[in-house]
Protein chains: 2
Amino acid sequence: MEPGFKEENSREKDAPRQNLAISAYRQLKHDIIRGRYAPEQKLLMSHLKEQYGASTGPLREALSQLVADRLVVAISQRGYRVAPMSLAELNDIYDARAQLEGLILRLAIERGDDDWEATVLATAHRLAKVTDINTPDDLLDLWDQRHKAFHTAIASGCNSPHLLQMRNTLFDQVERYRHLWLQETVMSPQALELKRQEHAALVDVILARDTAEADTLMRDHLMTPVPIITRVLKDRGIS
Amino acid sequence: MEPGFKEENSREKDAPRQNLAISAYRQLKHDIIRGRYAPEQKLLMSHLKEQYGASTGPLREALSQLVADRLVVAISQRGYRVAPMSLAELNDIYDARAQLEGLILRLAIERGDDDWEATVLATAHRLAKVTDINTPDDLLDLWDQRHKAFHTAIASGCNSPHLLQMRNTLFDQVERYRHLWLQETVMSPQALELKRQEHAALVDVILARDTAEADTLMRDHLMTPVPIITRVLKDRGIS
DNA sequence: CTATGCCAAATTGTTAATATTTATTGATAA
DNA sequence: TTATCAATAAATATTAACAATTTGGCATAG
């Protein structure tokens, strides 16, 4: 009788280990996505060692994982650098994401059962309730968390672990750009209300099983941040 | 004047390093895909060391990459094992692949230019010419190589590096199952002729820009091996 | 037959040594 | 006098060897 904790918590990637390389991986990933390191900044081993309290061995494992995630690039024998950002990658990454999310949504509408509909409704409700919190940081964190839960609930209807895994991989890559958008729009009440309406419309067409309309709405919804992120990148001199 | 070898050979994954961890990664991946290690076999460090001539450091990096590729699983403090195989994963992986390949094909038909059409025709021609070679091993290798080139040429029309990257990732995962199919069907002349007809039909509808028909043909084409692989897995006692 | 304790083997992390790279300084030529 | 090239030195990355913690198996005793 095995204790049934078959590590089903596939939060981001699979956890390769629970010890020291994985914690360095999580923290480094978090810091890169949040923009703590500039796009082409060199990642010094000496700095990483004292920053994350790990030696070269575990650090190299963490960096290898991040290279697989396309958040870090490794150059022959010249160490590691944070992956560059560009307008070209921004456009491609958001396009790929919108296309994949559209595909998954169409499959979910086709394959989703009653439990799926119930979960979509529940997470949408939870998200819509995030309107009246004062401290902006807490608001942003909570909104973002429930927003992710909402979209993940929709996607889960496709019933394909591998498609969902690829969705996660792509989301890790998009999140570095997406963070620029979250920082820029300080989650103003009108922006929040606009998003709330988009989500409500999305839920409507999903429950109506209107595949074509849902696909269109979802892609427009996902592409919204692109012009704003483009402006931020241009302001920072990134082409 | 730098010699223009900016490592643009993104064959499978990005090359994290050109030295020792990456060669171990490539060989190990090849061996796992080709079935040299059984699905849940333990990967002893001592064995890997003498097999691939690398020390624990580089080997752990290679194994980390393979965990990201879902070809290896890491258990807390009990080392690494080859990822298990199952009928459930077979079905999901082929379904996800067919769906993604269909999406990419629709985009390619929508976005592909004249050069794309020319490349598709050229690779199709090259593939069709592989009919009259005697030694079966050489035949299989050459056919598989040109077959991959043909499908990659079709997919490249979508013009999205990130979608193509995800296609590669999924293909790495599917190839372990696909190898069972290649081994089973000894590439009989009639099977080869059937495939040739499918490819010709595919080229026709692609050049005619018939999106819906191309999508259907492509998915049927990709799902062909599933029943055969299912039988092989069942014969091996894998559920 | 079962449970507990000991031994062996494997994984994990650290440290040191080697090789490659980069930056600085000096010299030479224009 | 200035700019470029080369050489040396310092720093950093990469790899291998070593040590410690943990796990699994086996034997013995109850």
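Residue numbers begin at 1 in each chain, while the letters A, B, ... track the order of the sequences. In what follows, every heavy atom counts, from backbone to side chain, and hydrogens, waters and symmetry copies are set aside.
- H147(A) and W143(A) have parallel rings, their planes meeting at less than 30° on a 0 to 90° scale where 60° marks the start of perpendicular.
- A salt bridge links K148(B) with E175(B): at least one charged nitrogen is closer than 4.0 Å to a carboxylate oxygen.
- F150(A) meets the ring pair (Phe, Tyr, Trp, His ring centres under 6.0 Å) test with H199(A); sequence neighbours excluded.
- When rounded to the nearest whole Å, the span between CG of L48(A) and C1' of dA13(D) equals 12 Å.
- Spacing between atom CD of E61(B) and atom P of dG13(C) amounts to 14 Å, rounded to whole angstrom units.
- Checked against dT12(D), dA16(D), dT14(D), the side chain of Y80(A) finds its nearest nucleotide in dT14(D).
- With the nearest nucleotide of DNA chain C identified for both G53(A) and S46(B), S46(B) has the one nearer the 5' end.
- Regarding L44(B), its CG atom lies at a distance of 15 Å from the C1' atom of dT12(C), rounded to whole Å.
- The distance from atom CD1 of I75(A) to atom P of dT21(C) is 12 Å, rounded to the nearest whole Å.
- We find that CG of L20(B) is positioned 9 Å from C1' of dT14(D), with the value rounded to whole Å.
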Taking only nitrogen or oxygen atoms into account, show me every contact under 3.5 Å that the protein makes with nucleotides 18-25 of chain D, one pair per line with its distance.
| from | atom 1 | to | atom 2 | distance (Å) |
| --- | --- | --- | --- | --- |
| dG24(D) | OP1 | R78(B) | NE | 2.7 |
| dG24(D) | OP1 | R78(B) | NH1 | 3.0 |

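- As a whole-Å value, the separation of M45(B) CE from dG13(C) C1' is 12 Å.
- The shortest distance between the side-chain N/O atoms of R60(B) and the OP1/OP2 oxygens of dG13(C) is below 4.0 Å.
- Taking P161(B) as the reference, D92(A) meet the side chain to side chain contact (heavy atoms under 4.5 Å, CB included) condition, with sequence neighbours excluded.
- Under the side-chain hydrogen bond (donor to acceptor under 3.5 Å, both in side chains) criterion, R146(A) pairs with no residue at all, not counting sequence neighbours.
- When rounded to the nearest whole Å, the span between CG of L43(B) and C1' of dT11(C) equals 13 Å.
- Nucleic acid contact class of G79(B) (heavy atoms, under 4.0 Å, all strands): sugar-phosphate only.
- Between the CG atom of L59(A) and the P atom of dT12(D) there is a distance of 15 Å, given to the nearest Å.
- Not a single side-chain hydrogen bond (donor to acceptor under 3.5 Å, both in side chains) links R176(A) to another residue, sequence neighbours left out.
- Among pairs with a residue in residues 31-55 of chain A, those fulfilling salt bridge (Lys or Arg N to Asp or Glu O under 4.0 Å) read D31(A)-R36(A), at least two apart in sequence or across chains.
- Ranking dT11(C), dA13(D), dT15(C) by closeness to the S55(A) side chain, first place goes to dT15(C).
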